[in-house]
Amino acid sequence: MLERKQKNYTLMQADDDEDQVQRRTGEENSLIENLRKVSRHEYLKKREKKIVEKLRDDVEDEQFLFEGVDKLTEAEKREHLYKQNIVELVSKKQCLEEDVDEYRIPDDYDNLEGGRVDQNKRFYVASRRCMEEIKEIHPQQAWEENQMNKAKLIYGSKDRKQTDYQFVFEDQIEFIKATVINVEKHQSTSSESFISNSKLKEDRKALPIYPYKDALLQAVHDHQVLIIVGETGSGKTTQIPQYLHEAGYTRSGGKIGCTQPRRVAAMRVAARVSHEMGVKLGHEVGYSIRFEDCTCEKTVLKYMTDGMLLRQFLREPELAGYSVVMIDEAHERTLSTDVLFCLIKDVARARPHLKLLISSATLDAEKFSDYFDYAPIFKIPGRRFPVEIHHIKEPISDYLDAAVVTALQIHATQPQGDGDILIFLTGQEEIETAENIINHRIRALGTKRAELITCPIYANLPTELQAKIFEPTPEGARKVVLATNIAETSLTIDGIKYVIDTGFCKINSYNPRTGTESLLVTPISKASANQRAGRSGRTGPGKCFRLYTEHSYTNDLEVNTIPEIQRTNLANVVLLLKSLGINDLLNFDFMDPPPSEALLKALELLFALGSLDKDGKLTKMGERMAEFPLDPMLSKMIVASDKYKCSAEIISVAAMLSVGNSIFYSPKDRQVQADNAWMSFHIGNWGDHIALLKVYNSWKETNFSTRWCYENYIQVRSMKKARDIRDQLEDLLERVGIDLTSNVNDLEAIKKSIISGFFPHSARLEKNVCYRTIKNPQICHIHHSSGLSLVFPRWVVYHELVLTTKEYMRQITELKPEWLVEVAPHYYQLKDVEDSSSKKMPRGIGLASSK
DNA sequence: GGCCATCGA
């Protein structure tokens, strides 16, 4: 097939040559004929690019997923090499054509001559990013850890702390101990049919979970719901589904599903398990994440994101295709996991043969147990290196300064090259200032000490710059990684020996009364503090320096972070639950119920958007909106765009809004250029929504060019994500019966569609630079990232309201007040939007009759 | 003239 593809290329070339000859000689050729050729030429160019891109993705995927898998057939290997060759040839050619030198800061892996990307290095770097899961299970690692543990079996001080709690679960411990004996008796009877490779088998046996295998199977057999407490490195995620599969839980046709909070985790674990089972990924073992379904009819072990399983409830409310569902990393308490708890508990009652495993790393398993009708707790020990924890003696006032000083102290006093430093800070700005201070002070020290390399990392940092933290530290030097919470769970950095924990992070919480999200610096929880400390003990014994006193650790910090469900906008969740036929949400069996105010606010909004009727039942409109994996206001905007015949534009806007605020990129050293690029999308005061649309369409016009992004200081990663979302939305349009219609020049139609979804978010200019929201009147300002921040239109509609240092509206568009009445007559009356009576706002304005 | 923690569909 690939050979055919290449032939196509040469054929295309021949076609083109012929074209030229004909064009020169054939006087009689009609103009139309010529145009056709030109357009074909263009089409072929585009097609070539598309095919190459597809090939490149294939190669990346294969390298990423089959890394270390030696089960590939010869044909597969050949094909892979072939693809790789083509991609390399093409990228050589492209690099000559596209000499990109804008905001692309060269880093190690694209430093080859001619700017060519060294794919191997790149994948090395990329795979480091998500080493977490692999670390847990990599055979080499397992072996090494095993050897280390043989020498001295030590548990870290973190573990020591947790022993305090162990007596609480005495029953469960007894339960485990009893079964350990069983394990030894029946060990040899376990099924071994799937593993031919003896090395792999040994590795699997070396995992801490292995001795508990039969006991675990017995427990699953005896109980419908089981809480599993297994620490990092126990092998629970990879082994338990395999054990259950081997024990026959998939024999009657049901799948084993395992959820993960993050996409990379689902992918990597699935890849690992398929490797262990000696099957091809996507066949018996697969994964399913948004934009990527790597499963087939044969799939019996399915790893997926928790959000994915949640969406599956819409199509398959009984989860009939599953015989076992395992919810992994339950302690993280993501919004999706929490909602899954409620739904799955209900399903389990209706389906007595469905097995349910809730797996968590912490010891608040008792709470999980209580929630699931006192389900038994099964504890599996983990493996970790000891971590020494140091607290400060006296409280300090400036944690940023203290963090820098501590880092420098470590650097100065600890042996050279014995490990890197990781500092947890709260955000981008803090990271940048810390970076500056450290660099400055290091320079002042002169060349006496070894080099100290600062590596910032946060989610919004362009990928090219993120890769820096995964490069090995040069001989004799030391790295200091300045990270946000991203390093707490989402990525793992090798070689960290010292953690400096400032004790703070930014946490988002939603105020249902005002509809504001606030992102404020908050003390972390104990669980979080321990997680952070654990980051130093992954590859060897570590040390953690906490910039708070032991007293405040024990007395001031909360035990756990407040679950997301209690501090977020619930509109989306409520719509989902409503479309599953769950009506009484106030008495719904949440593990930690969200504030009733938040539920009411969500219901009120859904009613205003027309997705619920006055009895709280889902309407036809609500059904259509629920199809979209978006915030209900965005969904409503899309459904409304049908009326204004601009659905093509609106789904672009929705996709761009969904990726959030990481579109534009403004590096400190190129601020002027970046500002200019930004300006070019904001001329004419169209507003931010239209600017986003312009960005998307311009990118599309350049055939999704990466170079174009660099030139315009736009983040490629975000744009690609927007494209994926937009593609998905386009597919969904068909499902809800909306035609894809484009009307790019009718800005009024586009704005009216936006307002149809966002009419509850309107505000008017109050005085000077202050705005006042119409509903729940409150003072706010235009965020400085907005194109209208110096324009101050009288009336605006905003995408979101965020409290940072002030109340800011983000992503705004100007509107005519009468549009509000036109689009939402049930919500606004003419008197609400009349400009003349602006002296004082009547109470309850805007809430015309929505109760 | 002042900035956006982190995931997920």
Side-chain angles (χ1 to χ4, degrees), chain A residues 130 259-266 288-293 304-315 329 332-340 424-433 457-461 483-491 502 504-509 517-522 524 528 531 561 563-565 567-568 572-573 575-576 626-632 634-635 654-655 658-666 668 671 674-675 678 715 718 721 724-725 728-729 731-732 769 781-786 789-790 799-800 802-806 808 810-811:
Chain A
C130 14
T259 70
Q260 294 291 317
R262 279 168 292 277
R263 296 159 49 95
V264 271
S288 175
I289 56 181
R290 192 182 186 182
F291 312 129
E292 228 184 309
D293 186 7
M304 62 200 131
T305 45
D306 46 14
M308 206 67 195
L309 185 62
L310 197 55
R311 297 299 296 184
Q312 257 183 41
F313 267 92
L314 279 176
R315 315 248 173 280
E329 313 288 349
E332 286 194 26
R333 301 292 305 275
T334 66
L335 181 60
S336 302
T337 316
D338 261 29
V339 179
L340 274 179
F424 282 100
L425 297 164
T426 65
Q428 177 177 349
E429 198 185 355
E430 236 173 62
I431 287 174
E432 279 165 4
T433 46
I457 177 93
Y458 43 88
N460 267 352
L461 194 71
T484 59
N485 251 2
I486 194 173
E488 201 177 291
T489 50
S490 304
L491 57 84
T502 54
F504 290 95
C505 66
K506 276 190 184 167
I507 194 159
N508 188 7
S509 52
E517 311 223 303
S518 52
L519 200 55
L520 301 175
V521 174
T522 318
I524 58 171
S528 208
Q531 177 70 25
T561 312
E564 197 183 356
I565 200 168
R567 47 179 177 86
T568 196
N572 202 4
V573 167
L575 183 60
L576 181 92
E627 288 289 337
F628 295 97
L630 298 170
D631 185 90
L634 288 168
S635 311
S658 307
V659 299
N661 29 29
S662 52
I663 306 280
F664 297 101
Y665 173 58
S666 175
K668 280 266 182 305
Q671 210 121 45
D675 278 357
W678 178 89
Q715 298 220 39
S718 306
K721 196 173 165 201
D724 285 339
I725 296 176
Q728 189 188 26
L729 296 179
D731 289 343
L732 288 170
V769 299
H781 304 82
I782 297 182
H783 195 272
H784 296 87
S785 66
S786 168
S789 62
L790 300 172
H799 178 238
E800 56 185 356
V802 179
L803 171 69
T804 49
T805 48
K806 268 197 250 178
Y808 285 112
R810 279 209 293 246
Q811 317 287 23

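As the structure is a prediction and not an experimental result, all values here were calculated from the model. Numbers restart at 1 for each chain; the letters A, B, ... are given by sequence-line order, proteins then strands.
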Of A/Pro261 and A/Thr804, whose nearest nucleotide on DNA chain B comes first from the 5' end?
-> A/Thr804

Evaluation steps, side-chain hydrogen bond (donor to acceptor under 3.5 Å, both in side chains), between A/Thr334 and A/Thr337 | CA-CA 5 Å; A/Thr334 66; A/Thr337 316; 2.5 Å; yes

Remember a base hit wins even if backbone is also touched, and classify A/Arg290 as base, sugar-phosphate or nothing at under 4.0 Å, heavy atoms.
-> base

Are any side-chain N or O atoms of A/Arg262 and backbone N or O atoms of A/Ser490, one a donor and one an acceptor, separated by less than 3.5 Å?
-> no

Nearest listed nucleotide, side chain of A/Arg567, among B/dA5, B/dG1, B/dC7 | B/dA5

Of the nucleotides B/dA5, B/dA9, B/dC7, which has the atom closest to the A/Ser490 side chain?
-> B/dC7

Contact class for A/Gln428 (heavy atom, under 4.0 Å): base, sugar-phosphate, or nothing?
-> sugar-phosphate

Does some side-chain heavy atom of A/Asp338 sit less than 4.5 Å from a side-chain heavy atom of A/Glu564?
-> no

For the pair made of CG in A/Leu630 and C1' in B/dA9, what is the distance, rounded to whole Å?
-> 8 Å

Could you tell me whether A/Ser785 contacts a base, only the sugar-phosphate backbone, or nothing, with contacts defined as non-hydrogen atoms closer than 4.0 Å?
-> nothing

Could you give the CG-to-P distance, from A/Leu491 to B/dC7, as a whole number of Å?
-> 8 Å

Expected output: side-chain A/Thr502 to main-chain A/Phe424 donor-acceptor under 3.5 Å = yes

OP1 or OP2 of B/dA9 under 4.0 Å from side-chain N/O of A/Thr305 = yes

For A/Tyr458, answer base if it contacts any base atom (sugar-phosphate contacts may also be present), sugar-phosphate if it contacts only those atoms, and nothing otherwise; contact means non-hydrogen atoms under 4.0 Å.
-> sugar-phosphate

Can you figure out which of B/dG1, B/dA9, B/dC7 approaches the side chain of A/Asn572 most closely?
-> B/dA9

Please work out if A/Leu519 contacts a base, only the sugar-phosphate, or nothing of the nucleic acid, heavy-atom cut-off 4.0 Å.
-> base

For A/Tyr808, report the nucleic acid contact type (base, sugar-phosphate, nothing); a contact means any heavy atom under 4.0 Å.
-> sugar-phosphate

